Structure formats: structure tokens, C-alpha cells
Amino acid sequence: MQIDLTGKRALVTGSTEGIGYAIARQLSRAGADVVVNGRSEDKTAKAAARLKSEGPGGKVKSAAADLSTAEGCAALVAQIPQVDILINNAGIFQPIDFFDAEDEVWDRHWQVNVMSTVRLSRAYLPGMQKLNWGRVIFLASESGFNIPVEMIHYGVSKTADIAVARGLAKRMAGTGITVNSVLPGPTLSEGVETMLAEEQARTGLPLEEVAAAFVKQHRSSSIIQRAATVEEVANLVTYLASPFASATTGASVRVDGGVIDTL
Ligand code: NAD
């Protein structure tokens with residue numbers, strides 16, 4: 001199977017690093033024209049330059065915008081008015097016990113993880129509808145099923161993503177547009193590296209070993225018993241973004257290493 005996305009315009013939110021950057025790289029290698037997004041102009045431009053240098057691939061553009069507000073989402077849409085593939089990847093996660101998580105924590109996770117996906121889907125789906133082709137992919141999480149006790153606010157936001165994606169898939173019924181959620185398990189992104197930094201400093205162990213210990217302790221149902229790589233997640237996203245995945249819509253597709261223990 002050769003995935004060819006030549007001529008497709010893709011926007012990957014939050015793609016200066018982590019899973020988002022890996023997705024941007026894979027889509028670009030498959031020939032798509034890719035827009036890289038992050039909060040700061042400088043970091044976003046650097047990520048776009050890095051992506052170009054890692055070519056060959058489609059055209060690469062940089063569009064900085066902070067997606068934690070309605071204004072930030074509107075600023076991104078003003079820069080990039082139309083796309084064929086929208087990857088709602090930007091997301092934040094911060095372990096805080098329920099009794100310490102003030103409203104601000106809940107609101108911040110809701111705005112970035114849920115409202116940015118709502119606002120961008122609302123902006124880009126009509127353009128896809130005119131062409132009768134489109135792909136919208138939400139980076140949800142296994143945490144949307146297995147609500148993590150150390151960050152209930154995060155789990156709830158990811159459950160909401162899965163619900164929005166399912167609802168939108170049905171809203172787009174009978175068109176060439178598919179809408180799906182991808183559910184990664186623990187994945188060694190820069191964000192997770194930061195989360196594990198203290199433990200790594202304390203133990204002096206290599207990052208992969210610290211990540212595997214985290215998985216065994218906090219996601220003990222993991223079948224692969226390690227963190228996934230960002231490329232392993234990007235592979236699935238790239239397939240779902242391709243014309244080959246035209247009969248998969250409204251689905252929550254797992255790349256969680258088997259963490260979710262259901263059939
Ligand atoms: P990361 O922290 O490594 O990278 C996050 C990216 O999002 C960065 O490019 C950052 O600049 C961007 N971002 C954050 N806030 C933003 C904002 N307000 N506006 C624009 N961009 C913003 O994260 P990651 O681990 O690669 O996670 C990517 C997605 O995958 C998230 O939605 C996350 O919830 C989900 N996910 C991650 C894991 C994991 O273990 N890494 C597991 C399941 C789901």
C-alpha cells in the first residue's frame with residue numbers, strides 16, 4: 001500500500017514537537033502540503049524549517065496561533081482558510097489531584113483540548129463539504145476511556161473529544177468526509193519527557209526505561225509494556241488521513257499498546 005497525499009492540504013495543530021511533529025513529517029513525506037502550528041512564531045517557524053530540511057515532501061507552511069482561545073483559533077483560520085485534512089492534535093496534560101485542581105485547570109484543559117477542535121472543525125468542514133472530500137482526526141487518548149485518577153480533568157476532555165468526533169462523523173453522513181478519533185496510550189513525546197523528567201533525574205535511568213516503569217505502574221494493562229514512539233502513532237494517523245481509509249468513520253481507533261482492556 002503506497003499512501004499518496006499529493007495535492008492534499010493538511011493542518012496539524014500543535015505540531016512544533018511531539019506526536020504532532022511526527023504526524024506533520026509523515027503527511028509531508030506522503031506528499032501532502034503541510035501547515036505546522038504552535039503558539040510562538042519563532043518555534044513554529046523553526047519546526048517548519050526543520051520539516052523542510054527533512055524532505056523530500058510536499059510544501060511546508062508555518063502558522064503560529066495560540067489555540068487556547070476563540071481569537072487564537074480565528075487567527076489560524078484567517079491565515080489558513082481551507083484544508084483537506086485537519087489533525088486536531090494540540091493538547092495539554094498536567095497531573096493534578098482532583099482536590100487541588102481549581103476551575104482554571106479544568107477550563108484550560110477544556111479550552112485547548114476540546115474547544116479548539118470544535119472551533120476548527122466548524123471552520124474547516126464547510127470547505128471540505130464543497131469538495132466532498134475531507135479528513136478530520138482527533139488525537140484523543142486511551143485516557144478518554146480509562147479516566148486517569150491523577151488527571152481526571154484531562155480524561156474528561158479526551159472523552160469529550162471522542163464524543164465530538166463521533167457526532168461530527170454522523171453530521172457529515174453520506175459525504176466523502178470521514179471523522180475519527182485516534183487513541184494513543186503513553187507515547188514518548190516531548191510533553192511526556194517533561195512529565196517524566198523528575199523521575200529520570202531521581203533514578204538516573206535512560207528515558208525509555210523510566211517510561212516503561214511508568215507504563216507498568218500507572219497503565220498496568222499495557223500489553224506492549226512500554227511507551228509507544230511518536231512515529232507509531234503517526235503511522236495510524238497517516239493511514240486514516242489517506243484515501244485508503246474511506247470506510248472508517250465515527251471510529252475510535254486505538255494505538256494504545258493494548259491498555260484498554262476491552263474487546
Ligand atoms: P507535546 O506536549 O509533546 O506537544 C504538544 C504540542 O501542542 C506542542 O507542539 C505545543 O506547542 C502544542 N500546543 C500546546 N498548547 C497549544 C496551544 N494552546 N495552541 C497551539 N499549540 C499548542 O504533546 P504530545 O504528547 O505530542 O500530545 C499530542 C496530542 O496527543 C495531545 O492531544 C495529547 O493529549 C495526545 N496524547 C498524547 C499521549 C502521550 O502519551 N504523549 C497519549 C495520548 C494522547
Side-chain angles (χ1 to χ4, degrees), residues 11-25 35-48 50-51 62-76 79-80 87-95 107-117 119-120 137-148 151 153-162 164-165 181-197 207 211-212 214-215 218-219 222 224 226-234 236-237 252-257 259-260:
L11 164 62
V12 187
T13 66
S15 48
T16 56
E17 57 190 15
I19 294 172
Y21 183 80
I23 295 169
R25 183 168 49 201
V35 178
V36 174
N37 157 258
R39 279 159 293 184
S40 95
E41 292 281 353
D42 184 48
K43 214 171 158 186
T44 311
K46 279 192 181 133
R50 180 180 157 207
L51 188 56
S62 130
D66 182 342
L67 304 180
S68 63
T69 63
E71 295 73 29
C73 292
L76 179 59
Q79 292 177 72
I80 309 293
I87 312 290
N88 283 318
N89 169 78
I92 52 173
F93 39 93
Q94 188 183 8
D107 195 40
R108 187 156 35 90
H109 281 76
W110 189 257
Q111 289 297 322
V112 179
N113 295 359
V114 186
M115 287 314 296
S116 73
T117 72
R119 291 170 177 138
L120 296 179
I137 298 169
F138 288 62
L139 269 292
S141 172
E142 54 82 22
S143 295
F145 276 43
N146 295 337
I147 303 296
M151 43 183 183
H153 46 279
Y154 174 72
V156 169
S157 73
K158 292 293 161 177
T159 312
D161 279 337
I162 295 166
V164 175
S181 320
V182 164
L183 277 53
T187 305
L188 255 189
S189 64
E190 278 83 343
V192 167
E193 260 183 66
T194 308
M195 196 172 90
L196 297 176
L207 185 62
F214 171 88
V215 169
H218 297 283
R219 302 288 186 275
S222 169
I224 62 173
R226 61 170 174 85
T229 65
V230 290
E231 287 77 19
E232 286 174 309
V233 176
L236 176 60
V237 173
S252 328
V253 190
R254 304 171 190 180
V255 52
D256 66 342
V259 167
I260 299 173

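Numbers here are sequence positions counted from 1. Whatever order the structure lists ligands and atoms in, that order sets their numbers, starting from 1. The model shown is predicted, which means the values in this text are computed figures rather than measured ones.
- Both the backbone and the side chain of L67 come within 4.0 Å of ligand 1, counting heavy atoms alone.
- Here the protein heavy atom with the shortest distance to atom 41 (N) of ligand 1 is T187 O, 3.1 Å.
- At a 4.0 Å heavy-atom cut-off, ligand 1 does not touch S116 at all.
- With a 4.0 Å cut-off on non-hydrogen atoms, L188 does not touch ligand 1 at all.
- Near E17, meaning under 4.0 Å from any of its heavy atoms, are these atoms of ligand 1: 8 (C), 9 (O).
- Counting the atoms of ligand 1 from 1 in the order shown, those under 4.0 Å from a heavy atom of G18 are 3 (O), 26 (O).
- Atom numbering of ligand 1 starts at 1 in the shown order; those under 4.0 Å from a heavy atom of L139 are 30 (O), 32 (O).
- Against a heavy-atom cut-off of under 4.0 Å, S15 is close to the following atoms of ligand 1: 9 (O).
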Verdict with reasoning, D161 to V114, per side chain to side chain contact (heavy atoms under 4.5 Å, CB included): CA-CA 6 Å; D161 279 337; V114 186; 4.1 Å; yes
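- Which of F138, F214, F93 comes nearest to atom 27 (O) of ligand 1 through a heavy atom is settled by distance: it is F93.
- Remark: minimum distance from atom 44 (C) of ligand 1 to any protein heavy atom is reached at A140 O, 3.1 Å.
- Heavy atoms of N89 come nearer than 4.0 angstrom to ligand 1 in at least one pair.
- Heavy-atom separations between K43 and ligand 1 are all 4.0 Å or longer.
- Considering backbone and side-chain atoms alike, E142 places every N or O at 3.5 Å or more from each N or O of ligand 1.
- No donor-acceptor pair under 3.5 Å is formed between the side chain of D256 and the backbone N or O of P184.
- The closest side-chain donor-acceptor pair between S40 and D42, if any, does not fall under 3.5 angstrom.
- Close approach of ligand 1 to A65 is summarised as follows: ligand atoms under 4.0 Å from at least one heavy atom of the residue are 19 (N), 20 (C).
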Side chain to side chain contact (heavy atoms under 4.5 Å, CB included) between R108 and Q94, worked out: CA-CA 10 Å; R108 187 156 35 90; Q94 188 183 8; 3.1 Å; yes
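- Checked by atom type and distance alone, the side chain of T187 pairs as donor or acceptor with a backbone atom of G185 at under 3.5 Å.
- Here the heavy atom of the protein found nearest to atom 12 (C) of ligand 1 is G14 CA, 3.4 Å.
- Closest protein heavy atom to atom 9 (O) of ligand 1: T16 OG1, 2.8 Å.
- The single protein non-hydrogen atom nearest to atom 24 (P) of ligand 1 is S189 OG, 3.5 Å, given as residue, atom name and distance.
- Atom CD of Q111 and atom CG of D66 lie 10.5 Å apart (nearest 0.5 Å).
- Numbered from 1 in the order shown, with element, the atoms of ligand 1 that lie under 4.0 Å from a heavy atom of V192 read 39 (C), 40 (O), 41 (N).
- Judged by distance alone, the side chain of E142 and the main-chain N or O of L183 form no donor-acceptor pair under 3.5 Å.
- Protein heavy atom nearest atom 10 (C) of ligand 1, with residue, atom name and distance: R39 NH2, 3.6 Å.
- Where the criterion is an N or O separation shorter than 3.5 Å, residue side chain and backbone included, G191 meets it with respect to ligand 1.
- Looking at A227 against ligand 1, nothing comes within 4.0 Å, counting heavy atoms.
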Derivation and outcome, side chain to side chain contact (heavy atoms under 4.5 Å, CB included), residues V36 and V12: CA-CA 6 Å; V36 174; V12 187; over 6 Å; no
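- Near S68, with a cut-off below 4.0 Å to any heavy atom, the atoms of ligand 1 are 18 (N).
- At least one donor-acceptor pair closer than 3.5 Å links the side chain of T13 to the backbone N or O of A90.
- Atom 30 (O) of ligand 1 has its closest protein heavy atom at I19 CD1, 3.7 Å.
- Y154 OH, 3.6 Å is the protein heavy atom nearest to atom 33 (C) of ligand 1.
- A donor-acceptor contact closer than 3.5 angstrom is absent between the side chains of N88 and T117.
- Counting the atoms of ligand 1 from 1 in the order shown, those under 4.0 Å from a heavy atom of P186 are 40 (O).
- In this structure, K158 contributes its side chain and F145 its backbone to no donor-acceptor pair below 3.5 Å.
- The closest donor-acceptor contact from the side chain of E232 to the backbone of A227 lies at 3.5 Å or more, if one exists at all.
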Trace of the side chain to side chain contact (heavy atoms under 4.5 Å, CB included) decision for I80 with N37: CA-CA 11 Å; I80 309 293; N37 157 258; over 6 Å; no
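- Between A22 and E231, the shortest heavy-atom contact is CB-N, 4.4 Å.
- N89 places a side-chain N or O within donor-acceptor distance of the main-chain N or O of G14, the cut-off being under 3.5 Å.
- At least one heavy atom of G185 sits less than 4.0 Å from an atom of ligand 1.
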